[in-house]
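As structure tokens, the structure follows; a few thoughts come after it.
Here is how names work: the chains are called A, B, and so on, in the same order as the sequence lines, proteins then strands, and each is numbered from 1. All figures in this text were calculated on a predicted structure; none of them were measured in a lab.
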There are 2 protein chains.
Amino acid sequence: MRELPARRDLIREGDKPKSVNLVLEGWACRYKQLPNGRRQTVHFFVPGDLCDANVFILGEMDHSIASITPLKYAEIGPADFEALMAQSAEITRALWLNELVNAAVAREWVANVGQRTALERIAHVFCEMFIRLSSLGLSDGDSCDWPLTQTDLADATGLTAVHVNRTLQDLRGRGLVRTSGRRLVVPDLDALKRISMFNPNYLHLNRQSPGTR
Amino acid sequence: MRELPARRDLIREGDKPKSVNLVLEGWACRYKQLPNGRRQTVHFFVPGDLCDANVFILGEMDHSIASITPLKYAEIGPADFEALMAQSAEITRALWLNELVNAAVAREWVANVGQRTALERIAHVFCEMFIRLSSLGLSDGDSCDWPLTQTDLADATGLTAVHVNRTLQDLRGRGLVRTSGRRLVVPDLDALKRISMFNPNYLHLNRQSPGTR
DNA sequence: CGTCTGATTGAACTGATTCAACGGATGTGG
DNA sequence: CCACATCCGTTGAATCAGTTCAATCAGACG
């Protein structure tokens, strides 16, 4: 069990991973940084998410993980992790599922950044996070926690913070989202899904057993 | 063992996957199509690649797979696949590695499409494919097979075919690549890597045992 | 209070798109 | 062997979505 303040690296690209991390409280992100300084966030982690199951199969990290909010997480060492895998076929299956969903999310993000307009991209991120949080029981009706700054959103969508700001105003103007402080309100999820062409199939939520979380 | 002509869907989004496919000859791609018709390619498969290891854990496909060239591939049913997994820890490990690398590639593509310029993106695709093919012994000195049309490249990079065309002319003008027919020539791989900020770490090639291929 | 971080605004600019046309190579059927 | 169709690459001109740079504003916090 460990804690980390907001905006700190948990693991950096190039490091040799020594453990699997399970997020208990707070948000984190996976990101890649190019030599020219530009940064791309490729995943957001919320409570219950496993960062990099089985990474010790790989030699070194090809991306970094950083906290967004203050973070509480559990560190699971290779030995414990292997033991967990050996314990039951159910758990192994759940870990496979976790990794397959991870890959599916990454692919969806490629399509998001590659094919959607700024408005659609941002709306898509809202959809994904709201739906993921809801499936974990971490939403409250039409609202959920929202610790992301506009710069965070920019890094995730491949846009500039300035343009994210303008696009958010558009989304708010259309009544699709409201953000008050650290909270996101989605008055009409269906409308948001429609405008962002959101298809939840890639999250494979129906397959997720409670044990996976 | 099966064959498929060029430009045909092998599996479509929404289908229930019934088998794992191993590409034996030719190129294929994984793609996602948005309701508005825009298409994003998220992976290229070359001989030796396993498409969607263990997908039967998931309920339905969240993307499609299509042949680019005429294709020869092996279909491995769930039973055979499970047997393979059970057979040895080595194989299980190799399958894990395969899936982890797949996810890593997808993440790199997010960064590619999200942060790189048109020139860098296209150069990056050239680097990735040339290096992957080389590691499989499928390149010949500074050249390799290149069955992708400019439209294929456009779908993979989130650009239009028109802009890919212009950018290719730029790349050729700088002497970074040559394309003659179905062949790609990379006279100076280091220069190409430099301009595309290519870091091969995400391919985890050093970890790939011959058995994985 | 001052300082810091994050949100907001304006104006000029540019990388990439769009649309429409054309050229060349390849293949096919009569 | 020619006529025709198709696929792919190429070009030009106009337009636009998103960037850049720079300044301002608002709230939080010691």
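Remark: the backbone N or O of B:Pro70 is not paired with any side-chain donor or acceptor of B:Ser67 at under 3.5 angstrom.
One atom, CZ of B:Arg121, and another, P of C:dA16, lie 7 Å apart when rounded to the nearest Å. Protein atom CG of B:Leu171 is 15 Å distant from nucleotide atom P of D:dG9, rounded to whole Å. Atom P of nucleotide C:dA16 and atom CZ of B:Arg38 are separated by 13 Å, given to the nearest angstrom. Between the CG atom of A:Leu153 and the P atom of C:dT8 there is a distance of 12 Å, rounded to whole Å. As a whole-Å value, the separation of B:His163 NE2 from C:dT17 P is 6 Å. In this entry the distance linking CD of A:Gln115 with P of D:dA17 reads 16 Å, nearest Å. Following rounding to the nearest Å, A:Arg182 (CZ) and C:dG6 (C1') show an atom-to-atom distance of 10 Å. Distance, B:Leu168 CG to D:dT11 C1': 15 Å, rounded to whole Å.
Counting non-hydrogen atoms under 4.0 angstrom, A:Thr117 reaches the backbone sugars and phosphates but no base.
Defined by atom type and a distance below 3.5 Å, a donor-acceptor pair is missing between the side-chain atoms of B:Thr69 and B:Arg182. For B:Ser64 and B:Arg12, the side-chain atoms include no donor-acceptor pair closer than 3.5 Å.
Checked against C:dT17, D:dG9, C:dT9, the side chain of A:Gln169 finds its nearest nucleotide in C:dT9. Distance from the side chain of B:Leu159 is smallest for C:dA16 among the nucleotides C:dA11, C:dA16, C:dT18. Here the side chain of B:Val162 is nearest to one of D:dC21, D:dC8, C:dC19, namely C:dC19. The side chain of B:Arg172 sits closest to D:dT10 out of D:dG18, D:dT10, C:dG10.
Note that B:Arg2 lies outside the cation-pi zone of B:Tyr73, set by a 6.0 Å cut-off to the ring centre and a 45° limit from the axis.
Side-chain to base pairing of A:Arg166 with C:dG10: one donor and one acceptor N or O lie within less than 3.5 Å of each other.
Ring planes of A:Phe56 and A:Phe81: perpendicular class, angle over 60° (limits at 30 and 60°).
Look at A:Asn165 and you'll find a side-chain N or O under 4.0 angstrom from OP1 or OP2 of C:dT8.
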